[in-house]
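Handing you a structure now.
In what follows, chains carry the letters A, B, and so on, assigned in the order in which the sequence lines appear, proteins first and then strands, with residues in each chain numbered from 1.
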Protein chains: 2
Amino acid sequence: MAKALREPKDTSAQAIARLREAGLRPTRQRVELAGVLFQSGDRHVTAESLHDEVAQTGVKVSLATVYNTLHQFTEAGLLRQVIVDASRSYFDTNTGDHQHFFVEKEGLLIDIPGESIAVAGVPAPPAGLSVDRVDVVVRVRRN
Amino acid sequence: MAKALREPKDTSAQAIARLREAGLRPTRQRVELAGVLFQSGDRHVTAESLHDEVAQTGVKVSLATVYNTLHQFTEAGLLRQVIVDASRSYFDTNTGDHQHFFVEKEGLLIDIPGESIAVAGVPAPPAGLSVDRVDVVVRVRRN
DNA sequence: TCAACGAATTAGAACAATTCTAAACTGTGA
DNA sequence: TCACAGTTTAGAATTGTTCTAATTCGTTGA
């Protein structure tokens with residue numbers, strides 16, 4: 001029961017711990033962004049959407065800082081960048097092995113667990129190249 | 001033997017036929033772009049790269065027209081847009097079933113034949129959504 | 001507790017890719 | 001050949017993102 005009702009302080013403490021582990025100084029802005037990003041389950045955000053969301057909590061964080069932070073979190077392995085749209089970048093709090101459905105019209109990403117999906121028959125890359133990772137995007141639309 | 005040496009006029013004629021079939025008026029610019037795009041085998045271009053390439057043949061086509069044309073060709077099914085990079089769009093003259101290697105550092109795309117690769121275990125999309133297509137990007141890097 | 005210093009944040013400018021606008025031009029059918 | 005809808009174009013505008021230089025903040029050592 002106690003576990004279900006987390007106090008804000010709890011969330012901050014978790015965020016701070018997470019940042020410290022990642023070697024990032026826990027500034028007010030980073031703690032706030034980490035709180036928003038990681039307190040609920042897996043999330044997909046864009047710089048803009050995260051900026052708006054944080055703004056609504058009353059905390060003031062500049063867009064430049066949102067961009068900086070998203071990149072730092074990504075480098076630190078806390079986020080993963082997802083490329084599905086030519087016009088904007090998405091960031092995913094789920095850094096594990098998984099893929100995505102993408103509803104283009106709505107800019108909506110939905111996770112596909114890594115266990116359920118498999119890519120077979122990827123040829124060896126041309127000489128001198130080695131595989132970094134395999135991304136699958138299942139493009140879907142509303143019917 | 002005759003087949004190996006195509007005259008420019010031949011290329012144009014092919015391009016014009018292709019445009020007519022697609023329901024596009026064969027203007028000087030479209031014929032030129034179609035010529036560059038379709039006379040050699042499968043190609044991957046960006047708006048910028050195609051614009052540069054055409055410029056070097058001496059024909060003057062504005063960048064706006066290159067963008068317009070790439071989109072029209074895509075709508076007409078002559079090209080396919082490939083989304084692999086957050087900062088620019090690629091267009092592929094191979095519209096058949098296939099996937100890609102992508103060398104991020106160099107912006108280089110390499111086709112993977114559709115027959116060789118298979119994606120298994122894609123779950124049914126959430127209610128109300130249907131699958132449009134499945135894109136696989138094998139991100140590789142120079143070792 | 002505080003000073004000091006390097007790290008982080010910020011507003012706004014700058015940038016790159018792409019799209020828009022409205023004016024000039026060009027295929028095409030009659 | 002004419003007329004008109006469709007096309008092209010230069011340049012402005014837009015959008016997402018990155019950069020810059022000045023300010024502010026977090027941490028460490030005294």
- [ ] Mind calculating the distance between CD (B:E48) and C1' (C:dT19) to the nearest angstrom?
- [x]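 To the nearest whole Å, that distance equals 14 Å.
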TODO: Determine the contact category for B:S89: base if any of its heavy atoms lies under 4.0 Å from a base atom, sugar-phosphate if only primed atoms, P, OP1 or OP2 are that close, otherwise nothing.
DONE: sugar-phosphate
Task: Verify same cluster id: A:V36, A:V45 (apolar side-chain graph, 4.5 Å) - done: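 Same hydrophobic cluster.
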TODO: For the residue pair A:E32 and A:T57, confirm or rule out a side-chain donor-acceptor distance under 3.5 Å.
DONE: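 Note: A:E32 and A:T57 side chains meet the donor-acceptor criterion.
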Task: Pair A:N94, A:H44: side-chain N/O donor-acceptor within cut-off below 3.5 Å - done: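 No, because no side-chain N or O of A:N94 sits under 3.5 Å from a partner of the opposite role on A:H44.
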Open item on the list: Could you check whether B:H98 and B:D42, counting side-chain N and O atoms only, form a donor-acceptor pair closer than 3.5 Å?
Closed with: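 On atom types as modelled, these side chains do not qualify, holding no pair under 3.5 Å.
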Task: B:Q81 CD to C:dA17 C1', straight-line distance once rounded to whole Å - done: 12 Å
- [ ] Measure up the B:Y67 and B:H71 rings against each other and bin them: parallel (under 30°), tilted (30 to 60°), perpendicular (over 60°).
- [x]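 Plane angle between 30° and 60°, so tilted.
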Task: Transitive ILVMFWY side-chain link B:V66 to B:L37, under 4.5 Å - done: yes
- [ ] Would you kindly give the CD-to-P distance between B:E75 and D:dG6, to the nearest whole Å?
- [x] 15 Å
TODO: Check whether any side-chain heavy atom of B:V140 lies under 4.5 Å from a side-chain heavy atom of A:D132, and answer yes or no.
DONE: no
- [ ] Please state how far atom CG in A:D85 lies from atom P in D:dT17, giving the value in whole angstrom units.
- [x]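 So the two atoms are 9 Å apart, to the nearest Å.
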Open item on the list: With a 4.5 Å cut-off on side-chain heavy-atom distances among I, L, V, M, F, W and Y, is there a chain of contacts connecting A:L24 to A:V54?
Closed with: yes
TODO: Give me the residues of residues 60-72 of chain A where at least one heavy atom lies under 4.0 Å from an atom of DNA chain C, by number, or none.
DONE: A:K60, A:V61, A:S62, A:A64, A:T65, A:N68
- [ ] Using whole Å, report how far CD of A:E32 lies from P of D:dC25.
- [x] 16 Å
- [ ] To the nearest Å, give me how far apart NE2 (B:H51) and C1' (C:dT18) are.
- [x]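 Those two atoms, NE2 and C1', are 13 Å apart.
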Task: Selection: residues 23-30 of chain A, any non-hydrogen atom under 4.0 Å of DNA chain C - done: A:R25, A:T27, A:Q29, A:R30
